[in-house]
Amino acid sequence: MLEIKNLHASLEEEGKEILKGVNLTVEAGKVHAIMGPNGSGKSTLSYVLSGKGGYEVTDGSATLAGADLLAMEAEERAAAGLFLAFQYPVEIPGVGNMTFLRTAVNAQRKARGEEEMDAATFLKEVRAKAKDLKIDAEMLKRPVNMGFSGGEKKRNEILQMAMLEPKMCILDETDSGLDVDAMKLVADGVNALRSPDRGFLVITHYQRLLDHIVPDVVHIMARGQIIKTGGPDLALEVERNGYADILAEVA
């Protein structure tokens, strides 16, 4: 599904290398988690994969279902099936949530050569998915993320993901700023989207999210590389002992 080989990337303005040879494969139907200390390159990896500006790829490759992600513009990557849930979802004044969602869904369908979703079908689907995420009708009528709590913003993003039905979902510290109840709601929404033909890459600092979104594989990232890979027990080891022992192993 997602295959990253020897990926190197730098900040364009500073020329500072952040990713220093990332190798990672996320299979369809699997949930992979990336943990690591601050400054290890976790969020940078998500930004480079999604096509955010300000980064220069200097070596390596990244493909999604065999297609070269790095050769695409950001909107083309989205249409190809890549979704990034941000740590801090942006507010969009003056753009209604429903308008935003329907425009996004139909833009991607059009890019893939599919028929646009008519208003009645869209309304039926978005209401059903919003109900599952405990998003009320008033939230759907408001401008995107305006006046939303942290938990509402994250649930709204999971709603976007549910409507867009991507192949690969990258969650960049989606548990940031959430209380226990909000995190469980978000996790339930993510778990409902797990399927044999969809992959997940969950970036997090804490085991607590992985109690709810149980990963198949856990990676530890440090100094711009994946330095250790294991099962869910690896996240528990980090929770108990921190990163010091793992960093010492590979020093």
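- Side-chain atoms of Y243 come within 3.5 Å of backbone N or O of G36 as a donor-acceptor pair.
- For the side chain to side chain donor-acceptor pair (under 3.5 Å) test, no residue two or more places apart in sequence or in another chain qualifies with E12.
- For the pairing with H8, the side-chain hydrogen bond (donor to acceptor under 3.5 Å, both in side chains) check across E17, Q225, E56 returns one residue only, E17.
- V126 and V190 fall within a single hydrophobic cluster, where Ile, Leu, Val, Met, Phe, Trp and Tyr side chains are chained together by heavy-atom contacts under 4.5 Å.
- With rounding to the nearest 0.5 Å, the separation of NZ in K42 from CE in M35 is 9.0 Å.
- Under the 4.5 Å side-chain criterion, counting only non-hydrogen atoms from C-beta, V31 is not in contact with V214.
- For the 3.5 Å distance criterion, the side chains of N97 and N156 qualify, holding a donor opposite an acceptor.
- Cluster membership check: F122 shares its hydrophobic cluster with L164, using side-chain heavy-atom separations under 4.5 Å among Ile, Leu, Val, Met, Phe, Trp and Tyr.
- Listed for the R112 side chain is a donor-acceptor partner under 3.5 Å among the backbone atoms of A79.
- Cluster annotation: I170 and V217 are assigned to distinct hydrophobic clusters (Ile/Leu/Val/Met/Phe/Trp/Tyr, side-chain heavy-atom contacts under 4.5 Å, transitive).
- L24 has its side chain within reach of I34: a pair of non-hydrogen atoms, C-beta onward, lies under 4.5 Å apart.
- Between the side chains of T63 and D68, no donor-acceptor pair is found at a separation under 3.5 Å.
- You'll find the side chain of L234 reaches within 4.5 Å of the side chain of I246, heavy atoms only.
- Pairs of residues two or more places apart, or lying in two chains, that qualify as salt bridge (charged side-chain N to carboxylate O under 4.0 Å, His left out) and include a residue from residues 185-194 are K184-D188, R194-D216.
- A donor-acceptor contact shorter than 3.5 Å is absent between the side chain of T99 and the backbone of V95.
- Rounded to the nearest 0.5 Å, atoms CD (E75) and CG (L82) are 12.5 Å apart.
- No side-chain donor-acceptor contact under 3.5 Å links T121 to the backbone of M117.
- Within the structure, ring-ring contact (aromatic ring centres under 6.0 Å, His included) contacts touching residues 219-241 (residues at least two apart or in different chains) are H32-H219.
- Residues L140 and L159 have side chains in contact (heavy-atom distance under 4.5 Å, counting atoms from C-beta outward).
- In this structure, E157 does not pair ionically with R155, as no charged nitrogen and carboxylate oxygen lie closer than 4.0 Å.
- Atom CE of residue M161 and atom NZ of residue K129 lie 12.0 Å apart, to the nearest 0.5 angstrom.
- With L19 as the partner, the side-chain contact (heavy atoms from CB on, under 4.5 Å) test is satisfied by one option alone out of D59, L45, V57: L45.
- In this structure, NZ in K228 is found 9.0 Å from CG in D245, a value given to the nearest 0.5 Å.
- Of the charged side-chain nitrogens involved, none lies within less than 4.0 Å of a carboxylate oxygen, so that E73 and R77 do not count as a salt-bridged pair.
- Here the straight-line distance linking atom CZ of F200 with atom CZ of R198 works out to 6.0 Å at 0.5 Å rounding.
- Within a 6.0 Å radius of CD in E115, no more than 12 heavy atoms belonging to other residues, nucleotides or ligands are found.
- Put simply, CG on L101 and CE on M98 are 7.5 Å apart, with the number rounded to the nearest 0.5 Å.
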